[in-house]
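A quick write-up on the structure given underneath.
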Amino acid sequence: MRFSKIPIANAVPFGYRLPMTQQQYPLSDFDASWLRQTGAISVFRSEDCFECGDITPQDLILASRVPILHPNSDPNNPFWEDLRVVVQAQLSRQNNVPPETLLKVPNIWSAYSIHDVAEAVHDEFPGSVHIELIKELFGGALDKPYGPNCANCALINRAVIPSQSLTEFIRGAVMLSDINTWAFGVIGPLNFSVKWFVGRARPEEVVWAIYNGRLTSEVNGVPADLVRTIREDFRLNRMQDFTAYDEGSPDHPSWPAMHSASSAASLWMPVVMELTTAQLCEVKAVDYAISYARTVAGGHYPTDN
C-alpha cells in the first residue's frame with residue numbers, strides 16, 4: 001500500500017486502479033503528469049526538479065539512515081509499531097491529555113492544550129513558528145540590541161554578521177527572517193522529490209483501510225490488538241476523521257515530513273546568534289515540537305520525523 005489520497009478523483013485516468021502500490025513509485029512521467037492535475041501537492045520528480053541540482057532521492061534516502069517502513073504482512077514488522085504510536089497519540093488527543101505527556105512543550109507553547117499543539121502546525125505560513133521563537137529570543141524587539149525588560153535576550157553574533165550601527169535592522173530582523181525562509185525554501189524541493197519517490201501512505205489511509213476491513217490480520221498481517229483498537233476506539237465516517245484536521249493530512253506522501261525537514265533552527269541559529277545553553281535548548285525544543293506535533297495531529301508517523 002502506497003500513498004493514494006487523490007483530491008480530485010475524476011482526474012484519475014480511465015481504467016487506472018487505486019490504491020497505488022509499490023509498482024507506481026517512484027513515479028513515472030505518466031503518473032506524475034496525471035497526478036499534477038488532481039490537486040495533489042507539489043508533485044516533484046528529480047528528473048524535472050531544477051532546484052535539486054545533482055542531489056537525487058537515493059542520495060537523501062541513504063543520508064537519512066532511516067528505514068522507510070510500509071504496511072507489511074509480518075505482524076512484527078516495525079511499521080505497525082510506528083502506526084501504533086500515531087494511533088495512541090490520537091486517542092490521547094481525543095481524551096484531552098496534557099501535551100506534556102507526549103512531547104517537551106517549548107516556552108512559546110506553554111499555555112497550549114493538546115488541541116492547540118496540533119493546530120499550531122496546521123497549514124501555518126512557512127517558518128511562522130520559528131519567527132515567534134526569534135521574537136521571544138529578542139524580547140519581541142528585533143530591531144534593538146535588547147528587547148524591553150529583557151536583560152537575558154539573545155544577541156546576533158557580530159563576529160559572523162558584522163554591523164556598523166549600534167541599532168541594526170537590515171542585519172537584524174531582516175537578516176533573520178531571510179535565513180529562516182531560506183532554510184525552508186532550500187530543503188522544500190528536495191523533500192518533495194523524495195516524498196514522491198517513496199510514496200509512503202499517510203497514517204489516515206492505513207487506519208481507514210484497517211477500519212473498513214481492507215487490511216486485516218489474517219490477510220495483511222496487521223497485529224490483532226491494533227485492529228481491535230482502531231475498530232473499537234474510533235468512530236470514523238471518512239479517513240480524514242482520524243486526524244485533528246477537517247481536511248486530514250496534506251495531499252502528498254508522508255515520508256519525509258516537511259515540517260521536520262524545515263525545523264532546522266537548531267542548526268543555523270547557533271551560528272548567527274549568541275545563545276546560552278538554555279536558549280539553545282529552547283530552539284531545539286521548538287524544532288522537535290514542530291515535528292512531533294504533526295504526529296499528535298495524526299498526519300505523520302514518528303519515523304517521518
Intermediate values then yes/no, side chain to side chain contact (heavy atoms under 4.5 Å, CB included), M269 and L275: CA-CA 8 Å; M269 280 191 187; L275 300 177; 4.2 Å; yes
Step-by-step side chain to side chain contact (heavy atoms under 4.5 Å, CB included) determination, R2 to H70: CA-CA 8 Å; R2 296 295 187 270; H70 301 283; 3.4 Å; yes
From CA spacing to verdict: side-chain hydrogen bond (donor to acceptor under 3.5 Å, both in side chains), E204, S249: CA-CA 8 Å; E204 69 197 68; S249 303; 2.6 Å; yes
L18/M20 under side chain to side chain contact (heavy atoms under 4.5 Å, CB included): CA gap, chis, key distance, verdict: CA-CA 5 Å; L18 295 177; M20 297 175 76; 3.7 Å; yes
Criterion side chain to side chain contact (heavy atoms under 4.5 Å, CB included) on Y301 and L69, from CA distance to verdict: CA-CA 10 Å; Y301 310 91; L69 306 171; over 6 Å; no
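Under the 3.5 Å distance criterion, the side-chain polar atoms of T216 are left unmatched by any main-chain donor or acceptor of G213. With hydrogens and angles disregarded, no donor-acceptor distance shorter than 3.5 Å links the side chain of R200 to the backbone of I68. Side chain of N72 to main chain of D74: a donor-acceptor pair is present (N/O by atom type, distance under 3.5 Å, no hydrogens or angles). The main-chain N or O of V222 is never found under 3.5 Å from a side-chain atom of N220 such that the two would form a donor-acceptor pair. Under the 3.5 Å distance criterion, the side-chain polar atoms of Q279 are matched with a main-chain donor or acceptor of T276.
When the shell of 6.0 Å around CZ of R238 is examined, it contains more than 12 heavy atoms from other residues, nucleotides or ligands.
Using a 3.5 Å distance cut-off with no hydrogens or angles, the side chains of D116 and S113 do pair a donor with an acceptor. Using modelled atom types and a 3.5 Å distance limit, the side chains of N180 and S177 yield no donor-acceptor pair. Looking at D287 and S263, their side chains never bring a donor and an acceptor atom within 3.5 Å of each other. E124 and H259 share a donor-acceptor pair across their side chains, judged by distance under 3.5 Å alone.
Exactly one residue among W255, Y25, W196 makes a ring pair (Phe, Tyr, Trp, His ring centres under 6.0 Å) with F3. That residue is W196.
Between G172 and E168 the shortest heavy-atom distance is N-CG, 3.8 Å. For Q240 against E247, the heavy-atom pair with the smallest separation is CG-O, 3.3 Å. The minimum heavy-atom distance between N191 and A257, with the atom names listed, is ND2-O, 3.7 Å. Closest heavy-atom contact between A159 and N157: N-OD1, 3.0 Å.
Electrostatic pairing of R84 and E81 counts as a salt bridge here, judged by a charged N lying under 4.0 Å from a carboxylate O. Using a cutoff of 4.0 Å between basic side-chain nitrogens and carboxylate oxygens, R36 and D31 are not scored as salt-bridged. Taking a cutoff of 4.0 Å between a charged side-chain nitrogen and a carboxylate oxygen, D304 and K195 do not qualify as a salt bridge. In summary, E132 and K135 engage in a salt bridge, as defined by a charged side-chain N under 4.0 Å from a carboxylate O. Taking the charged nitrogens against the carboxylate oxygens, R228 and D233 have no contact shorter than 4.0 Å, which rules out a salt bridge.
Here C52 contributes atom SG and L60 contributes atom CG; the two are 8.0 Å apart, rounded to the nearest 0.5 Å. Distance CG/L137 to CG/L176: 9.5 Å, rounded to 0.5 Å. One finds the CG atom of N95 at 9.0 Å from the CD1 atom of I114 (value rounded to the nearest 0.5 Å). The structure places CG of N107 at 9.5 Å from CG of L133, a figure rounded to the nearest 0.5 Å.
In this structure, Y245 and H122 have parallel ring planes: the angle between them is below the 30° cut-off, well short of the 60° mark. Ring orientation note: the planes of F234 and F242 are tilted relative to one another, at an angle of 30° to 60°.
Both I6 and Y16 belong to a common hydrophobic cluster when Ile, Leu, Val, Met, Phe, Trp and Tyr are linked at side-chain heavy-atom distances under 4.5 angstrom. V198 and F79 fall into different hydrophobic clusters, where Ile, Leu, Val, Met, Phe, Trp and Tyr are joined by side-chain heavy atoms under 4.5 Å apart, directly or via other members. Linking Ile, Leu, Val, Met, Phe, Trp and Tyr whenever their side-chain heavy atoms come within less than 4.5 Å puts V85 and V97 in one cluster.
By the 4.5 Å heavy-atom criterion applied to side chains, P256 and V194 are counted as neighbours.
A cation-pi contact, defined as under 6.0 Å to the ring centre and within 45° of the axis, is absent between R45 and F197.
Aromatic ring centres of F192 and H252: separated by under 6.0 Å.
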